[in-house]
Amino acid sequence: MNILIIGQGGREHAMYHSLRQSDPEGIIHVLPGNGGVPLEDCVPLPMSDFEAIRKHARAHQIDFILVGPEQPLVDGIVDFFQKDPDIFVFGPTAQAARLEGSKAYAKEFMEEFAIPTAQYRTFTEIGPAQEYLHRKEMPIVVKASGLAAGKGVTVCFDRQTALLAVEEALSGRAFGESGKTVVVEDFLEGREASIFVVTDGEDYQILGTAQDYKRVFDGDQGANTGGMGAFSPALIVNEAIMAKVKSLIIEPTIRGMAQRGTPYTGILYVGLMISSKGEPGVVEYNCRMGDPETQVVLPLLLTPLQEVLSAARDRKLGKLSLKSRSGFAVTVVLAKEGYPGPYAQNIPVTMPVSQQAQVFHAGTARNDQGLIVSTGGRVLNITGVGATLRQAREEAYDFLTKYHPEGFFYRNDIGLSYI
Ligand code: AMP
Ligand code: GLY
């Protein structure tokens with residue numbers, strides 16, 4: 001397979017690394033890529049320009065496109081390439097990607113197929129939304145229905161916050177068009193885990209599970225972020241819970257999407273809340289791999305990623321025997337001070353060679369002089385792998401104690417309470 005990965009984060013660097021390990025010589029390009037991907041494999045084109053992507057793919061005999069982020073999928077990159085029989089784009093069509101692109105759609109879908117999730121109502125006007133909030137108990141969760149770069153959800157512990165959240169969203173001030181429909185949903189108690197499902201529309205395999213850390217500081221303090229670390233597999237998902245997740249959530253989702261005439265293919269990311277009684281509920285669907293969860297799921301995968309992808313393309317997932325290492329992986333995000341607020345950019349990132357931990361680049365790029373500089377708040381992801389969670393943690397944190405550049409920070413407690 002000649003593969004083009006779309007994206008520029010730690011997730012895409014981890015995908016590149018995984019694919020490269022089983023194919024040292026082949027064509028594996030990343031568009032646009034980042035400072036961690038060898039320059040000769042980076043394609044400096046915008047992710048939104050599907051026609052330019054097509055030209056590049058044709059010129060380099062690319063036959064498989066793996067899409068990292070949600071936006072191109074929601075914008076219909078799979079549909080766009082359906083006219084090119086020689087180029088397979090792995091992922092859901094725009095209609096199927098609505099499971100992530102429209103939370104109102106996802107909730108209505110789950111309701112129809114009786115998939116466990118929080119009770120909800122959808123609103124497009126401030127008055128009725130606020131009236132509903134006056135009748136509800138707190139806490140409550142207000143969600144912009146459309147894509148909002150991970151910032152569209154407000155967990156509201158008091159009514160004032162909730163009233164303001166619906167007003168900010170529905171007025172268009174907070175999230176533009178994405179907030180003009182709002183889902184108001186009951187607060188679910190429990191612990192969160194993410195399940196990554198690969199599906200060809202009919203059969204599926206569990207690629208992996210993870211728990212991630214969204215708050216910026218140790219002890220889950222401070223603002224929400226895109227994720228400060230993760231570990232895999234998710235320890236809170238035991239066998240009994242996984243059996244429920246499959247029969248109550250994954251299978252009805254795949255069946256339901258097929259029944260609606262919009263079969264779901266690609267990666268389905270199921271974000272779960274697991275209650276103290278062990279009952280799973282869906283917090284969100286995403287139509288792609290997680291970031292930084294990919295950086296812990298893929299290092300544990302023993303089956304070459306190419307095999308998984310081609311089985312999905314050829315509708316042979318049912319026959320694939322997918323193998324993962326028995327140990328654990330932990331990833332720790334090295335972020336620029338200030339993140340998730342404003343932070344300095346274009347800071348040179350001097351990279352030591354790691355003997356053990358795997359260093360994935362997230363927000364880095366090469367500048368005009370070829371130097372690697374930081375371009376985002378989350379700059380590097382340090383992944384350790386070990387037979388135990390403790391060993392995996394040690395591998396990642398040993399690296400960070402030796403390499404801790406000034407002006408950067410990380411959380412010290414990724415996976416800590418589980419060892
Ligand atoms: P999302 O952007 O959909 O991942 O939501 C961000 C975070 O909000 C989730 O990871 C949860 O921690 C929290 N959240 C979303 N929906 C709920 C809910 N119904 N109950 C409790 N927490 C929620
Ligand atoms: N780490 C959360 C996400 O990828 O949406």
Side-chain angles (χ1 to χ4, degrees), residues 7 9-12 14-15 67-71 73-74 99-107 110 115-121 136-157 161-162 165 169 174-175 178-179 182-196 207-216 220 223-232 234 236 267-276 279-298 331-333 335 340 360 362 378 381 411 414:
R11 166 180 52 206
E12 290 77 21
M15 288 171 167
V67 186
E70 61 278 10
Q71 192 75 53
L73 294 164
V74 171
L99 281 186
E100 174 165 2
S102 165
K103 288 188 194 290
Y105 176 86
K107 294 298 287 188
M110 286 187 268
I115 293 165
T117 187
Q119 292 286 319
Y120 79 104
R121 289 274 301 273
K136 293 293 290 187
E137 286 187 11
M138 299 297 122
I140 202 151
V141 185
V142 175
K143 301 183 170 186
S145 179
L147 293 184
K151 298 190 176 73
V153 174
T154 317
V155 178
C156 311
F157 289 93
T161 308
F175 313 109
S178 288
V182 151
V183 169
V184 179
E185 146 179 321
D186 289 359
F187 179 80
L188 295 174
E189 300 267 4
R191 293 198 285 179
E192 286 185 72
S194 310
I195 316 274
F196 300 95
L207 202 57
T209 63
Q211 286 173 236
D212 76 338
Y213 290 73
K214 290 215 167 75
R215 298 300 193 94
V216 66
D220 290 335
N224 250 317
T225 72
M228 292 299 293
F231 69 85
S232 176
I236 57 172
I267 300 286
L268 179 69
Y269 165 152
V270 187
L272 296 171
M273 191 70 81
I274 295 161
S275 75
S276 54
E279 298 301 329
V282 177
V283 170
E284 58 168 343
Y285 288 118
N286 292 316
C287 61
R288 50 168 175 86
M289 285 295 290
D291 189 347
E293 294 93 324
T294 305
Q295 294 85 305
V296 288
V297 167
L298 292 186
T331 197
V332 182
V333 172
F360 296 120
R378 295 184 297 165
N381 308 143
R411 271 183 72 154
I414 308 302

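Just so you know, ligand 1 is whichever comes first in the structure, and atom 1 is the first atom listed for that ligand.
Looking only at heavy atoms of the protein, atom 19 (N) of ligand 1 is closest to Glu185 OE2, 2.7 Å. For atom 10 (O) of ligand 1, the nearest protein heavy atom (residue, atom name, distance) is Glu192 OE1, 2.7 Å. Closest to atom 13 (C) of ligand 1, if we only count protein heavy atoms, is Val155 CG2, 3.9 Å. Ranking the protein heavy atoms by distance from atom 8 (O) of ligand 1 puts Val153 CG1, 3.5 Å first. Annotation: atom 16 (N) of ligand 1 to nearest protein heavy atom, Lys143 NZ, 3.0 Å. Closest to atom 22 (N) of ligand 1, if we only count protein heavy atoms, is Met273 CE, 3.7 Å. Annotation: atom 2 (C) of ligand 2 to nearest protein heavy atom, Tyr269 OH, 3.4 Å.
Residues Met273 and Glu189 share a closest heavy-atom pair of CG-O, 3.6 Å. The minimum heavy-atom distance linking Gly226 with Pro292 is given by the pair O-CD, 4.1 Å. Residues Glu185 and Ile140 come closest through the heavy atom pair O-CG1, 3.3 Å.
With a heavy-atom cut-off of 4.0 Å, Glu284 does not touch ligand 2 at all. Residue contacts with ligand 1, taken as heavy atom pairs separated by less than 4.0 Å, involve Leu188 via backbone and side-chain atoms alike. Of the heavy atoms in Asp186, only backbone atoms (N, CA, C, O) come closer than 4.0 Å to ligand 1.
For Thr117 (side chain) and Val282 (main-chain N/O), a donor-acceptor pair under 3.5 Å exists by modelled atom type. Formation of a donor-acceptor pair under 3.5 Å by the Gln295 side chain with backbone atoms of Ala14 is not found in this model. In terms of modelled atom types and a separation under 3.5 Å, the side chain of Arg191 and the main chain of Gln211 share no donor-acceptor contact. Remark: side-chain polar atoms of Thr225 are not paired, donor with acceptor, to backbone N or O of Pro340 under 3.5 angstrom.
At least one side-chain heavy atom of Arg11 sits under 4.5 Å from a side-chain heavy atom of Pro69. Taking 4.5 Å as the limit, every side-chain heavy atom of Met289 sits out of range of all side-chain heavy atoms of Tyr269. Contact check for Leu298 versus Phe360: no side-chain heavy atoms found under the 4.5 Å cut-off. At a threshold of 4.5 Å between non-hydrogen side-chain atoms, the residues Met15 and Thr294 count as touching. The side-chain heavy atoms of Lys103 and Val153, taken from C-beta on, include a pair separated by under 4.5 Å.
Short contacts between ligand 2 and Glu293, defined as distances under 4.0 Å to a heavy atom of the residue, involve ligand atoms 1 (N), 2 (C), 4 (O). Below 4.0 Å from some heavy atom of Lys103 lie the following atoms of ligand 1, by number and element: 3 (O). Shown in contact with Asp212 at under 4.0 Å from a heavy atom are these atoms of ligand 2, numbered in order with element: 1 (N), 2 (C). The contact set between ligand 2 and Asn286, taken as ligand atoms under 4.0 Å from a residue heavy atom, comprises 5 (O). Listed by number with element, the atoms of ligand 2 under 4.0 Å from a non-hydrogen atom of Gly290 are 4 (O). For ligand 1, the atoms sitting less than 4.0 Å from at least one non-hydrogen atom of Phe187 are 20 (N), 21 (C), numbered in the order shown with element in parentheses. The Gly226 neighbourhood of ligand 2 comprises atoms 1 (N), with distances under 4.0 Å to a heavy atom of that residue.
For ligand 2, one of its N or O atoms has an N or O atom of Arg288 under 3.5 Å away. Looking at ligand 2, you won't find any N or O of Lys214 less than 3.5 Å from one of its N or O atoms. Between Ala118 and ligand 1, a contact under 3.5 Å exists for no N or O pair.
The heavy atom nearest to atom 18 (C) of ligand 1, out of those in Val282, Val142, Val141, Val283, is found in Val141. Here atom 4 (O) of ligand 1 lies nearest to Glu284 when heavy atoms of Lys151, Glu284, Glu189, Glu100 are compared.
Ring planes of Tyr213 and Phe231: tilted class, angle from 30 to 60°.
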